[in-house]
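Okay, so here's the structure we're looking at.
Keep in mind that what you see is a predicted model, and the values were worked out from it rather than measured.
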Amino acid sequence: MEYYIVDKEGKTQAILQNAISISWKPRYTESGKAEIHVNNSTQENIENLKIGNRVVCKTRAEIMYIDYVHYEGSEIIVRGYLDNLGDRINTNTMTINNVSSLVDLVNNNKRGLDISCVNSVSKSVQSLETTYQTLRETFKKVCGIANVGYREVVKSGKLNQLEFYEGGRKNVRFSDSLGNILDQEMTKDLGEYGNYLYVYGCEQDGIRKHIELNHTNGEPRKEVYIDARDLQQKTDKINLTDSEYETQLRARGEQKYQELLSKAIGYKFTIAIDDQRSLLGRDFDLGDVVPVISTHFGLRNMVRINGINFMEELGKTKTTLELTIEEMEILHTWKN
């Protein structure tokens, strides 16, 4: 990837040259980081790689804000976050119940900070308060809850453009049968697992409404009780039909089953980045959700790309992904 150095005013000072190594790590719901090692024999590097300047990744339009410089022998080492949200705190108590409130959080606390919000995402979150936290801390908390990404980039030739985005489900496929998932490991712990769920809600006329969920899929039946009495059917503000209430109970049961499943199965793997059928940046990118199917272990997973690690050294780039399994489905009976 190509990189260039800009000053605080956004003026390009130099192309980054004589890099020994570049570690560039964008993240989805939190701030990314980068670290660059260069040879100090280049005058442009000595003059421009300094605190307050920025390094722009031209390929991805992402920006590293230099906040650390170290001189060691023939090397200069610089580090920084991929946003400048850590430079301001929220000086007033603010209640946040929607991701879109983060735009107000930035605009109310700029105080000369060079940043512009170019869009917003309307997505409700459980109400929370923030006071005296850095904007970066609040962004990480809110975006992590809402599963919404953010990034500060160069857009339409302008620096420091803060945008929000949501990753999508991509029509790509990763599977051991295709040879593009590697290094599979699986651990099974059935101590607290259940595949037949009794989900009990609130009481109506002396009887607690309940539904049953069957996820045995040919496995031995292991029953578990789910207490969902916090879901109300009829109150002063709520009046759900039996069908609507059962839909809520079913959704709660599916959520709890995914939690049980994620604890029962520890599945690890890596994705082959160089597979021409599913290329990073073309077919999927940061924040997207992709299917990962293990025919060997009989699992179908929906996996979120939460981070990308680009490591450039000696002219070669190694790319790895930070992944989170969001949904898991057993395709056939587990094998011992």
Side-chain angles (χ1 to χ4, degrees), residues 24-34 57 60-65 81-90 93-110 113 115-131 133-156 158-172 251 254-255 258-259 262 271 280-281 283-292 301-310 321-328:
W24 198 268
K25 299 180 177 181
R27 294 294 182 261
Y28 179 49
T29 61
E30 59 183 296
S31 301
K33 296 180 181 180
C57 175
R60 296 183 59 83
E62 295 161 346
I63 308 166
M64 179 186 78
Y65 297 79
Y81 285 94
L82 301 187
D83 63 59
N84 57 0
L85 294 169
D87 292 351
R88 295 292 183 273
I89 66 169
N90 176 35
T93 299
M94 182 175 181
T95 301
I96 295 178
N97 50 34
N98 196 294
V99 175
S100 61
S101 300
L102 293 175
V103 174
D104 295 330
L105 181 72
V106 172
N107 290 334
N108 293 342
N109 292 283
K110 276 190 176 183
L113 185 67
I115 188 172
S116 298
C117 300
V118 297
N119 73 337
S120 65
V121 169
S122 181
K123 192 170 185 179
S124 297
V125 295
Q126 186 173 351
S127 182
L128 58 89
E129 287 189 349
T130 174
T131 310
Q133 289 184 319
T134 65
L135 305 189
R136 182 178 291 143
E137 290 173 307
T138 303
F139 266 60
K140 179 179 179 180
K141 183 180 295 184
V142 175
C143 291
I145 294 170
N147 234 338
V148 170
Y150 66 93
R151 55 194 169 205
E152 203 165 339
V153 295
V154 179
K155 199 175 184 70
S156 301
K158 297 179 180 179
L159 283 165
N160 315 321
Q161 304 296 292
L162 178 66
E163 62 180 11
F164 298 87
Y165 66 103
E166 292 187 85
R169 296 203 169 201
K170 297 301 180 179
N171 188 27
V172 296
E254 293 292 354
Q255 174 192 343
Q258 284 297 321
E259 292 174 7
S262 66
I271 285 178
L280 177 67
D283 303 308
F284 68 99
D285 211 325
L286 188 61
D288 288 333
V289 177
V290 298
V292 174
N301 307 279
M302 297 305 295
V303 177
R304 174 84 65 181
I305 313 298
N306 274 325
I308 308 175
N309 304 319
F310 299 101
L321 303 178
E322 300 292 327
L323 307 170
T324 302
I325 296 174
E326 295 202 338
E327 298 174 19
M328 181 181 289

Using every non-hydrogen atom in the two residues, find where K170 and P291 come nearest and quote the distance to one decimal. O-CD, 3.8 Å
Can you tell if the side chain of V289 reaches within under 4.5 Å of the side chain of E327, non-hydrogen atoms only? no
Apply side chain to side chain contact (heavy atoms under 4.5 Å, CB included) to the pair N109 and I89, showing each step before the final yes or no. CA-CA 7 Å; N109 292 283; I89 66 169; over 6 Å; no
Side-chain heavy atoms of T130 within contact of M94, under 4.5 Å: yes
Between D83 and R27, does any side-chain N to carboxylate O distance fall below 4.0 Å? no
When rounded to the nearest 0.5 angstrom, what distance separates OG1 in T324 from OH in Y28? 11.5 Å
Kindly indicate whether the side chain of T138, heavy atoms from C-beta on, has any atom under 4.5 Å from the side chain of L102. yes
Between Q161 and K158 the two heavy atoms that sit nearest each other are CG-O, 3.3 Å
Closest approach of V125 to I96 (non-hydrogen atoms, all atoms of both residues): CG2-O, 4.2 Å
Ignoring hydrogens and angles, tell me if any N or O in the side chain of R304 forms a donor-acceptor pair with the backbone of G287 under 3.5 Å. yes
Got a sec: does the NZ of K140 have more than 12 other heavy atoms crowding it under 6.0 Å? no
For S120 and F164, work out which heavy atoms get closest and say how close. CA-CD1, 4.0 Å
Check Y65, Y150, Y81 against S31 for a side-chain hydrogen bond (donor to acceptor under 3.5 Å, both in side chains) and give me the one that passes. Y150
Over 12 foreign heavy atoms within 6.0 Å of NZ, K110: yes
Could you grab the distance from atom CZ of R151 to atom CD1 of I63, nearest 0.5 Å is fine? 12.0 Å
Hey, are the side chains of L128 and I145 touching, using non-hydrogen atoms and a 4.5 Å cut-off? yes
Quick one: do the E129 and T93 side chains pair a donor with an acceptor below 3.5 Å? no
Looking at every heavy atom in both I308 and D285, which two are closest together, and how far apart are they? CD1-OD1, 3.5 Å
Strictly distance-based, threshold 3.5 Å: is any side-chain N or O of N90 a donor or acceptor partner for the main-chain N or O of Q133? no
To the closest 0.5 Å, what do you measure between CG (N119) and NZ (K155)? 7.5 Å
How many angstroms lie between CG in L280 and CD1 in I271, if you round to the nearest 0.5 Å? 9.5 Å
Non-hydrogen atoms of N98 and K123 that approach each other most closely: OD1-N, 2.9 Å
Please check if the side chain of N97 supplies one atom and the backbone of Q126 the other of a donor-acceptor pair under 3.5 Å. no
To the nearest 0.5 Å, how far apart are CG in L135 and CD1 in I115? 7.5 Å
First locate atom CG of L286, then atom CG of N306, and finally report the distance between them rounded to the nearest 0.5 Å. 8.0 Å
Can you tell me if Q258 uses its side chain to pair, donor with acceptor, with the backbone of M328 under 3.5 Å? yes
Taking everything shown except E259 itself, do over 12 heavy atoms lie less than 6.0 Å from its CD? yes
Step by step, would you call N84 with E152 a side chain to side chain contact (heavy atoms under 4.5 Å, CB included)? CA-CA 8 Å; N84 57 0; E152 203 165 339; 2.9 Å; yes
